[in-house]
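Following: one structure in C-alpha cells, then a few remarks.
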Amino acid sequence: MKIQSLRGMPDFFPDDLKKWHILEEKLSQAFDAFNIQEIRTPLLESTELFNRSVGNSSDIVNKELYSFLDRNEESISLRPEGSASVIRAIIQKKQEHEKHKLWYQGPMFRYERPQKGRFRQFHQAGVEYLGYEEGLSEYEVIALVLKINEQLGISNYTLKINHLGDERAKENFCKALKLFFEPHLASLDEKDVSRLNGNPLRVLDSKEDSTQRLLKNAPNFEDFISDKSKSLVRDIAQHYSDKCHIKIDPTLVRGLDYYTGLVFEVVSEELGAQDAFLGGGRYDHLSKELGGKNIHAIGFAIGLERIIELMKIKECNSKLKVALIIVDEQDHQKTYKIAHDLRQVNMEITLDAFLSNASLKSQLRRANNSHCNFAIIIGSQERDSDQFIWKDLSENGYQKTLGLKELVTLYKNL
Ligand code: HAM
C-alpha cells in the first residue's frame, strides 16, 4: 500500500511555490518598510503555553490542538498560532520592558475539518508590536494591513473592526451575559453552553438561530465599554474609510481568548465560506497570564493559503536562465569546471547544468520547456577545439562559437 500524506496537510511543488516566493518577498518588503524585525520560535511548545494563552474554552485548544506526550511524558503541542510563542520568548529573554516590532512566518497546526481554504497544516505570517500602549499603534498596525493588501494587489475586501473593552469591561459584560442566559440554559445548544462557561463573549457569534434570537434581548456590550474605547473604533473607521471598505462589527469577538481592546479581521467574499484571510487585535494581558510582566501588545496574522488566492500579482521571474548542455559523457568533468567558473563570476543567473546523456535535440527541447533564455553547448567538435556554442533560445535562435575566456566574460556581463 502506498503511503499518503495526512489529511489537510498538502505538499507544495516547485510550480506552486513560485507564487509563494513572490508573496514572501512582498511581505518581507512591507515589514522592512515598517522597521519590523524577524523572530523565529519552535514549532513545538509545552501544551500549557496554549492552554494559558489561546484559552481552555477556545475551539483551538479544546478540539484542534495536536498534543502528545513526548518520551519524557511531558505534554507538548504543535503550535496552532504564533503570538503565544512570541510572548513566551520575550519573557524568557527578560525583554518585557523593551519595545519590539516583530514578524514571523511558518506552519501552524490545527486539527480542523479540512475544506476549501481550511487545512490542518497551514501557514501564517504574523506581526506583533510589543510595548506599545493603545493609541497610535492601532493606527500603525492597520496601516500595515492596508499596505500589505495594496502591495499584493488585493482591493476586494472588508476590514471588520470592534472593541472588546478593557479587562474590567470584558469581565463585567461576561458576568452579565452569563446571568442573562442562566434561565435559558436548558434550551441552549451544548456548544453555546460550553462557550458560556469558558469565554461567554463567544456566544455573540453563535451560529444557532435560537441563541441569536435570545441575544436580541441580552445585555448590550456597548453599554459596558468606555467612551474612550468606542471613540477609538469610530475614529479608526473614519480615518481609513477612504482607503478601504471598513466596517464596525459589534459581533466580532475572535476565536482566541486573549484579546481585549481593538480586534479586527479582513474578509473577502472571493474566498467562499472561509473568508477571513487576516485576523488580530490587542492582547495586553497575555504576558501576565504566562507569568511575565505587563506587556502592551497588538498584532495580527495572515493566513497565507488564503491571501495567495487573492493575490493579483503576475509571476515575474526576471532572472536569466542558462542551460549547460553536454552531448558526450566524456565531457562531464569539463561541465563541473565550467559550471564552477560561471557561477563564480555571476550568481545572479540561474545556470541549469543538465547532467544528462540525452541527445542534443532532446536537451534543447528540455531547455525550451524549462524556459531557459540561453544554452551553452559542448559537442564533439567543440571539445576538440576547446570551444563552446553560445545559443540564444529566443525566436531569433542566434548562436556563436566562443573560447572559455570569452564565454566567462560574456556570462559575467549578462
Ligand atoms: P487567527 O484568526 O486564529 O489569529 O488566524 C489568523 C489567520 O490564519 C486567519 O484569518 C486565517 O486566514 C488563517 N487560518 C486560521 N486557521 C486556518 C486553517 N485551518 N487553515 C487555513 N488558514 C487558517 C491568530 O492566529 C492570532 N495569533 C493572530 C494574532 C497575532 N493576533 C494578535 N497577534
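Each ligand, and each atom within it, is numbered from 1 in the order the structure gives.
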Practice prompt. Can you spot which of Lys247, Arg254, Arg306 makes a salt bridge (Lys or Arg N to Asp or Glu O under 4.0 Å) with Glu265?
Written response: Arg254
Discussion item. Heavy-atom distances under 4.0 Å decide this one: backbone, side chain, both or neither, for Tyr259 against ligand 1?
Written reply: side chain
Practice prompt. Flag the pair Lys178 and Glu182 as a salt bridge only when some basic side-chain nitrogen lies within less than 4.0 angstrom of an acidic carboxylate oxygen.
Written response: no
Worksheet item: Looking at ligand 1, does any of its N/O atoms fall within less than 3.5 Å of an N/O of Tyr283?
Response: no
Discussion item. For a side-chain hydrogen bond (donor to acceptor under 3.5 Å, both in side chains) check, start with the C-alpha distance between Asn35 and Gln37, then their side-chain angles and the critical distance, and finish with the verdict.
Written reply: CA-CA 6 Å; Asn35 196 23; Gln37 315 288 318; 3.1 Å; yes
Discussion item. Once you restrict to heavy atoms under 4.0 Å, what part of Glu128 touches ligand 1? Side chain, backbone, both or neither.
Written reply: side chain
Worksheet item: Quick one: which ligand 1 atoms are inside 4.0 Å of a heavy atom on Phe300?
Response: 29 (C), 30 (C), 32 (C), 33 (N)
Worksheet entry | Subset of ligand 1 atoms that lie under 4.0 Å from at least one heavy atom of Gly280 | 31 (N)
Item to complete: Check each of Tyr111, Phe264, Phe122, Tyr258 against atom 26 (C) of ligand 1 and report the one with the nearest heavy atom.
Response: Tyr258
Response to the item:
the protein heavy atom lying closest to atom 12 (O) of ligand 1 turns out to be Ala276 O, 2.9 Å
Worksheet item: Between Asp235 and Lys228, does at least one N-O distance fall below 4.0 Å, as a salt bridge requires?
Response: no
Practice prompt. Report the residues that fulfil salt bridge (charged side-chain N to carboxylate O under 4.0 Å, His left out) with Lys147, sequence neighbours left out, ordered by chain and then residue number.
Written response: Glu150
Discussion item. Would Pro80 count as a polar contact of ligand 1, with the cut-off being nitrogen or oxygen pairs under 3.5 Å?
Written reply: no
Worksheet entry | Contact partition for Leu278 relative to ligand 1, non-hydrogen atoms under 4.0 Å | backbone
Discussion item. How far is atom 30 (C) of ligand 1 from the closest protein heavy atom, and which atom is that?
Written reply: Ser83 OG, 3.0 Å
Worksheet item: Where's the contact between Arg254 and ligand 1, heavy-atom distance under 4.0 Å: side chain, backbone, both or neither?
Response: side chain
Worksheet item: Under a heavy-atom criterion of less than 4.0 Å, does Glu305 contact ligand 1?
Response: no
Discussion item. Please determine whether a side-chain nitrogen of the Lys or Arg among Glu112 and Arg118 lies less than 4.0 Å from a carboxylate oxygen of the Asp or Glu.
Written reply: yes
Worksheet item: Looking at atom 32 (C) of ligand 1, what's its closest protein heavy atom, distance included?
Response: Gly299 O, 3.2 Å
Worksheet item: Any N or O of Arg118 that comes nearer than 3.5 Å to an N or O of ligand 1?
Response: no
Fill in: Test: Glu38 and Arg40 ion pair at under 4.0 Å
yes
Worksheet, complete the sentence: Hits for side chain to side chain contact (heavy atoms under 4.5 Å, CB included) against Ser155, two or more places apart or cross-chain, chain-then-number order -> none
Item to complete: Answer yes if the ring centres of His123 and Phe119 are under 6.0 angstrom apart, and no otherwise.
Response: no
Item to complete: Using distance alone, determine whether Glu112 and ligand 1 share an N or O pair under 3.5 Å.
Response: yes
Worksheet entry | Option of least heavy-atom distance to atom 13 (C) of ligand 1 (set: Ser58, Gly303, Gly117) | Gly303
Discussion item. Please report whether ligand 1 has a polar contact with Glu265, defined as an N or O pair separated by less than 3.5 Å (distance criterion only).
Written reply: no
Fill in: Identity and separation of the nearest protein heavy atom to atom 27 (N) of ligand 1
Glu81 OE1, 2.6 Å
Discussion item. What I want to find out is whether Asp166 reaches Arg168 closely enough, with some N-O distance under 4.0 Å, to be called a salt bridge.
Written reply: no
Fill in: Basic-acidic side-chain contact under 4.0 Å: Lys337, Asp341
yes
Item to complete: Please indicate whether any nitrogen or oxygen in Phe119 is less than 3.5 Å from any nitrogen or oxygen in ligand 1.
Response: yes
Worksheet entry | Min heavy-atom dist Gly126 to ligand 1 below 4.0 Å | no
Fill in: Ring centres under 6.0 angstrom apart (Phe224, Phe221)
no
Worksheet item: Which residue supplies the protein heavy atom nearest to atom 28 (C) of ligand 1, what is that atom called, and how far is it?
Response: Gly279 O, 3.4 Å
Worksheet item: Identify the closest protein heavy atom to atom 8 (O) of ligand 1: which residue and atom is it, and at what distance?
Response: Gln124 NE2, 3.2 Å
Fill in: Under-4.0 Å salt bridge between Lys19 and Asp16
no
